[in-house]
Amino acid sequence: MNKHVILYKKLSAPLMERLQAQAEVTLIEDPKTPDGLARLRDALPHADGLLGASLKLDAQLLDLAPRLKVVSSVSVGVDNYDIDYLTGRGILLSNTPDVLTETTADTGFALIMATARRVVELASMVRDGQWTQNIGPAHFGTDVHGKKLGIIGMGRIGEAVAQRGHFGFGMPVLYHSHSRKPAVEARFDAQYRSLDALLQEADFVCLTLPLTAETEGLIGAEQFALMRPETIFINIARGKVVDEQAMIEALKNRQIRAAGLDVFEREPLPADSALLQLDNVVATPHMGSATHETREAMARCAVDNLLSALAGERPKDLVNEKAWSSRQA
Ligand code: NAP
């Protein structure tokens with residue numbers, strides 16, 4: 001019997017052709033609309049594989065898919081999935097690490113530069129015809145080079161941000177992570193800090209860790225209180241790692257200098273969000289990995305993982321190893 005795959009993200013024509021050569025494909029481009037969700041629910045009973053991103057796939061939904069063998073996420077973050085549930089059912093979950101690391105780190109650095117040098121605010125001033133005289137201290141920014149870069153979550157993306165900061169901008173690197181990273185310390189002359197010490201010391205605090213039960217709300221009022229009026233806060237991880245209301249207060253009260261944010265508690269960020277009223281916020285639309293090259297590489301990687309799983313092979317980027325072992329038993 002032909003394998004049946006549900007795509008909830010559109011693929012490029014070459015990838016679609018590759019997938020269609022090996023499986024029957026149902027494309028649902030709008031799974032977050034009531035109509036799209038209804039079509040997804042109708043298709044799930046026949047699905048052997050799912051491929052997509054940015055959709056919460058909970059147990060209630062996946063209970064409709066008794067044949068499901070693999071969920072191939074076009075993302076590195078896997079916070080949209082109930083991993084215990086998938087593993088319990090022996091469903092493989094794969095993601096797309098590595099291919100997006102450098103691009104996401106570029107986004108992190110874009111936010112560092114944009115916030116420190118007030119690029120968005122000042123460029124808007126020029127565009128609005130408000131540049132009528134030489135700018136003075138009221139419009140000055142702050143230096144990036146030579147400042148202390150604090151990275152929370154020294155994994156693939158954290159390391160790529162550290163590389164940019166250390167080699168490109170001569171920034172002393174501080175980091176906090178689950179475990180010490182001797183290779184990173186040697187390569188970037190990086191120093192390990194407790195979370196509190198890093199928040200107190202770093203000029204730029206950059207979040208690059210996953211959203212998990214442990215990290216949800218990790219940065220709240222208490223943590224913002226440890227930062228300094230010069231601190232610039234960057235989040236390219238996940239919105240829910242931060243208590244957004246506490247961050248808004250810290251920004252309003254100038255407890256911290258500015259924030260560069262690619263991710264939010266609610267996405268898309270509502271147009272009436274208080275964050276958008278603040279001139280010391282640069283907000284981008286969860287665009288960490290959003291370049292043509294990287295999004296195609298991620299999709300290719302997700303298709304490879306899906307096809308491996310459907311062929312009974314271990315996907316290269318398997319998240320839940322236990323599901324694979326249970327299938328082999
Ligand atoms: P990764 O290689 O797994 O790195 C994550 C790091 O976070 C690991 O080094 C881990 O430490 C550390 N960590 C985990 N929980 C922690 C905790 N409670 N306290 C301190 N450190 C903790 O993942 P990655 O590829 O760099 O991606 C990181 C995250 O970035 C993803 O999960 C995703 O949510 C986000 N992301 C966002 C975008 C975007 O568009 N903005 C794009 C890509 C990824 P150990 O190594 O010590 O375990």
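Whatever order the structure lists them in is the order used to number ligands and atoms, beginning at 1. Positions are given from 1, in the same order as the sequence printed here.
Remark: K3 does not engage D48 in a salt bridge, criterion side-chain N to carboxylate O under 4.0 Å.
Shortest contact from atom 11 (O) of ligand 1 to any protein heavy atom: S177 OG, 3.1 Å. Of the protein's non-hydrogen atoms, V76 CG1, 3.8 Å is the one closest to atom 31 (C) of ligand 1. In terms of protein heavy-atom proximity, atom 1 (P) of ligand 1 is nearest to R156 NH2, 3.6 Å.
Checked against a 6.0 Å centroid threshold, the rings of F169 and F109 count as neighbours.
A side-chain donor from one of T87 and N320 sits under 3.5 Å from a side-chain acceptor of the other. For the 3.5 Å distance criterion, the side chains of R18 and Q20 fail to qualify, holding no donor opposite an acceptor. Judged purely by distance below 3.5 Å, without hydrogens or angles, the side chains of D63 and Y85 pair a donor atom with an acceptor atom. No hydrogens or angles considered: nothing links the side chains of S194 and H176 as a donor-acceptor pair under 3.5 Å. Checked by atom type, the side-chain pair K147/T142 shows a donor-acceptor distance below 3.5 Å. Side chain to side chain, S289 and R295 meet the donor-acceptor criterion of an N or O pair below 3.5 Å.
Counting atoms of ligand 1 from 1 in the listed order, those under 4.0 Å from a heavy atom of M154 are 9 (O). The distance from ligand 1 to the heavy atoms of G288 drops below 4.0 Å at these ligand atoms: 39 (C), 40 (O), 41 (N). Close approach to A237 involves these atoms of ligand 1, each under 4.0 Å from a residue heavy atom: 34 (O), 35 (C), 37 (C). In the vicinity of T104, heavy-atom distances shorter than 4.0 Å reach the ligand 1 atoms 38 (C), 42 (C), 43 (C). For ligand 1, the atoms sitting less than 4.0 Å from at least one non-hydrogen atom of S179 are 45 (P), 47 (O), numbered in the order shown with element in parentheses. Proximity to H286 (heavy-atom distance under 4.0 Å) selects the following atoms of ligand 1: 39 (C), 40 (O), 41 (N). In the vicinity of T208, heavy-atom distances shorter than 4.0 Å reach the ligand 1 atoms 5 (C), 28 (C).
The N/O atoms of R238, backbone and side chain alike, include one that comes under 3.5 Å of an N/O atom in ligand 1. Considering both main-chain and side-chain atoms, D262 comes within under 3.5 Å of ligand 1 through a nitrogen or oxygen pair. When only interatomic distances are considered, the shortest N/O to N/O separation between I236 and ligand 1 falls below 3.5 Å.
In the candidate list E159, H178, E216, H178 is nearest to atom 20 (C) of ligand 1, counting heavy atoms. Comparing G153, A213, P210 by heavy-atom distance to atom 14 (C) of ligand 1, the nearest is P210. Between the choices N80, L209, L261, the shortest heavy-atom distance to atom 19 (N) of ligand 1 belongs to L209. Selection from T107, N95, D98, I157 by nearest heavy atom to atom 24 (P) of ligand 1 gives I157. Nearest residue to atom 6 (C) of ligand 1 from P285, G77, G155 is G155 (criterion: closest heavy atom).
No single ILVMFWY cluster, assembled from side-chain heavy atoms under 4.5 Å apart, contains both V25 and L44. No single ILVMFWY cluster, assembled from side-chain heavy atoms under 4.5 Å apart, contains both M287 and L261.
Heavy atoms of K181 approach ligand 1 to within less than 4.0 angstrom. At least one heavy atom of T215 sits closer than 4.0 Å to an atom of ligand 1. At least one heavy atom of S289 lies less than 4.0 angstrom from ligand 1.
Considering only heavy atoms from C-beta on, F233 comes within 4.5 Å of L207 through its side chain.
Of all heavy-atom pairs spanning T115 and I112, the tightest one is OG1-O, 3.1 Å.
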Kindly determine whether Y8 and E29 satisfy side chain to side chain donor-acceptor pair (under 3.5 Å), including the steps that lead there.
CA-CA 5 Å; Y8 53 99; E29 282 188 64; over 6 Å; no

